[in-house]
Participant: 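Provided herewith is a single structure, encoded as structure tokens, for subsequent inquiry.
Atoms considered below: every heavy atom in the structure, side chains included; atoms not considered: hydrogens, waters and symmetry mates. In what follows, every chain begins at residue 1, and chains take the letters A, B, ... in the order their sequences are listed. Values in this document were obtained by computation on a predicted structure and should not be read as measured data.
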There are 2 protein chains.
Amino acid sequence: MSKKQLIMESALELFAKQGFEATSVQQITEHAGISKGAFYLSFKSKDELIIGLIDHFMQEFISDIDHVVKNHNEDKNLLNEFYKSAFHSFQKHSDFAKIFIKEQSQTVNEDLISKMHHYDKQIDKIILEMLERLYGEEVRYTKYDLIYCTKGFIHTYSHLFLFFNVPLDLNLLSQSLAEKTYLLARHSETTFISEELYQSFNEMPEEKVTKEQIIEIIEQKIEEVDESTECESLVLLKQHIQEPNLSPVIVKGLLSNLKDHPKCKQISYLLRNYLEL
Amino acid sequence: MSKKQLIMESALELFAKQGFEATSVQQITEHAGISKGAFYLSFKSKDELIIGLIDHFMQEFISDIDHVVKNHNEDKNLLNEFYKSAFHSFQKHSDFAKIFIKEQSQTVNEDLISKMHHYDKQIDKIILEMLERLYGEEVRYTKYDLIYCTKGFIHTYSHLFLFFNVPLDLNLLSQSLAEKTYLLARHSETTFISEELYQSFNEMPEEKVTKEQIIEIIEQKIEEVDESTECESLVLLKQHIQEPNLSPVIVKGLLSNLKDHPKCKQISYLLRNYLEL
DNA sequence: TATACTAATGACTGATTGGTCATTTGTCAA
DNA sequence: TTGACAAATGACCAATCAGTCATTAGTATA
């Protein structure tokens, strides 16, 4: 085994047990039986290591489930096989699965967040393809909700064997979830995640709106809006963007003024992201 | 506001943004505008702080949803109101919700894990009560699965407004999830989480099996089992428990010998927990 | 054996960590 | 004004962190 692989395996185990932040490079090298210097011959930094781990396993995971969806011909069993493949991967690489689930939501490193996002989007795409193939027009309005339900199922049930390590019958589990997914696809009628809403989630991260763009949109809205409260709030916020001069609580209040006005919802959302509130 | 509250609010914000491990006491005190010493007048340690936060908010969250379930009389709307209450709490205390979701799976502190477990069990109890009241005998065999589906829904959809902070219509979301839960309760027929399985998850943490108990059970199994592979594996494992002398990979192999034998499944599971594999 | 090269080491750096404690500051009543 | 007490400080501690680099060990060619 290459030194790089050795380090990755040791790190995987420790990250799964203690978390990324709580694991030191020292611990990893001790566990791998190498010196600290040797670590930095294989990885430029601790961050590069976790990114390497995530790339390695996510690519495998995604190509696995993609293969199942693309190559399985019997529609009748596709859902079942999909879940089986997903859980099988999670069980096989349970240490990685733990890291993935834990580090998914909140992580300091900026690159990691967008990386996670990227892979999450790919998973969505595969699930979407599967749902469209199986149910077509029938799930036209509910398919985005079904994506989230499917991911929710996988997440919650993964906990069982990842964090309790009880031996489970993954075939039965997959069958049970396939039935649930089928039921929702066939009978669910309420749409919560519309196509527009779904797009708005998934376009956001790349946007990285600049100050100039924000100001331009604000000026545009000021022209559009008639109500004095909303208009004055926009003027003050524009000044604050150009040269920060308002306390957080005031900014928050001004944003509250906007959040319910139909024409200002979007700018309120953009500002909140831009100002990281 | 008391100093203790001030610290808790500052910490909440920073923990949500960076995570518990990645946030230092220094950062918290700077953010709160107090000295480092003052922090330790209110909290014995950083760990005590996070436990305090979790207790504070979880007690509120649980009593909120419990109140909804116990006091809402129109069964027709109960599911809807339940989800509304849960999401409302998550939105109101979004910083805490982020911490809860993130720190739920993996955390170093031993007390925190059992605390999280304890609250998770309480949530399960409330959901179970609701499901039994609404569907009674109809969900006799599927109710434990429904608990996990419900929690999965809440988890996945929470992500949307917690980590993308897109403004969402929580009423519509609750309605949509109520419909899904209803569909699953009415039509789902496959049971994955049986009552026995569910109990086995929730009894485990308190057990804390001792070395003596483990050895007793092993000796018992050795008598019971006829096959030489299983028997010899048990003998070696027993010696290893009494005085560790085998490498991890060998122990793993021995456990593999046991895991498929019907009479050895339980001991294999106990040993894996005891040895923290 | 001598030379040239890479692989690997671990002592080291400067920064930061959670936590302590002698000292200072602020606030009372006398 | 004094003295007593609590509240608050921040310099300080040992431990640990991520990361560096002069040095050594190991290996292959000549």
Participant: Over how many whole Å does the gap from A:Ile28 atom CD1 to D:dT16 atom C1' extend?
Facilitator: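 Checked: the CD1 to C1' distance equals 15 Å.
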
Participant: Between A:Ile34 and B:Asp47, which is nearer to the 5' end of DNA chain C once each is assigned its nearest nucleotide?
Facilitator: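 Result: A:Ile34.
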
Participant: So which one's nearest nucleotide on DNA chain D is more toward 5', A:Ala38 or A:Ser24?
Facilitator: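 The answer here is A:Ser24.
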
Participant: For the base of D:dA18, is there a side-chain donor-acceptor partner from A:Lys36 under 3.5 Å away?
Facilitator: yes

Participant: Using 30° and 60° as the class limits, which term best fits the ring planes of B:Tyr83 and B:Phe87: parallel, tilted or perpendicular?
Facilitator: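 Aromatic pair B:Tyr83/B:Phe87 classed parallel.
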
Participant: Report the distance from atom NE2 of A:His155 to atom OH of A:Tyr148, rounding to the nearest 0.5 Å.
Facilitator: 13.5 Å

Participant: Which word best sums up how the rings of A:Tyr157 and A:Phe153 line up, parallel for under 30°, tilted for 30 to 60°, or perpendicular for over 60°?
Facilitator: perpendicular

Participant: Of the nucleotides C:dG18, D:dT9, C:dA8, which one has an atom closest to the side chain of A:Lys3?
Facilitator: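 Selected nucleotide: C:dA8.
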
Participant: Please report the distance, rounded to the nearest Å, between CZ in B:Phe39 and C1' in D:dA7.
Facilitator: 17 Å

Participant: Whole-Å distance between D:dA18 P and A:Glu48 CD?
Facilitator: 15 Å

Participant: Rounded to whole angstrom units, what separation is found between the CG atom of B:Leu41 and the P atom of C:dC21?
Facilitator: 13 Å

Participant: Whether B:Lys44 contacts C:dG18 is assessed here as follows: a side-chain N or O lying under 4.0 Å from the phosphate OP1 or OP2. Is that the case?
Facilitator: no

Participant: Reckon B:Thr23 touches a base, only the sugar-phosphate, or nothing at all at heavy-atom distances under 4.0 Å?
Facilitator: sugar-phosphate

Participant: Under 6.0 Å from the ring centre and within 45 degrees of the ring axis: does the NZ or CZ of A:Lys46 meet both conditions for the six-membered ring of A:Phe20?
Facilitator: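 Geometry flag: set, cation within 6.0 Å and 45°.
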
Participant: Would you work out how much the helix from C:dT1-D:dA30 to C:dA30-D:dT1 bends between its ends, with each end axis defined by five base pairs, to 10 degrees?
Facilitator: 10°

Participant: Could you work out, with salt bridge (charged side-chain N to carboxylate O under 4.0 Å, His left out) as the rule, every residue matching B:Lys4, not counting sequence neighbours?
Facilitator: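 Partners of B:Lys4 by the salt bridge (charged side-chain N to carboxylate O under 4.0 Å, His left out) criterion come out as none, since no residue qualifies.
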
Participant: Would you state whether a donor and an acceptor, one from the side chain of A:Lys46 and one from the base of D:dG19, lie under 3.5 Å apart?
Facilitator: no

Participant: Taking CG from A:Leu49 and C1' from D:dG19, how many angstroms apart are they, rounded to a whole number?
Facilitator: 14 Å

Participant: Round to a whole Å and report the spacing from CD of B:Glu30 to P of C:dT17.
Facilitator: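 Checked: the CD to P distance equals 9 Å.
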
Participant: Given atom CD of A:Gln26 and atom P of C:dA11, what is their separation to the nearest angstrom?
Facilitator: 10 Å

Participant: Measure the spacing between OG of A:Ser158 and NZ of A:Lys151 and express it to the nearest 0.5 Å.
Facilitator: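 Reported value, rounded in 0.5 Å steps: 13.0 Å.
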
Participant: Just wondering, more than 12 heavy atoms not from B:His93 lying within 6.0 Å of its NE2?
Facilitator: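 Yes, enclosed.
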
Participant: Check the distance between C:dG19's P and B:Tyr40's OH and give it to me in whole angstrom.
Facilitator: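 From B:Tyr40 OH to C:dG19 P: 4 Å.
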
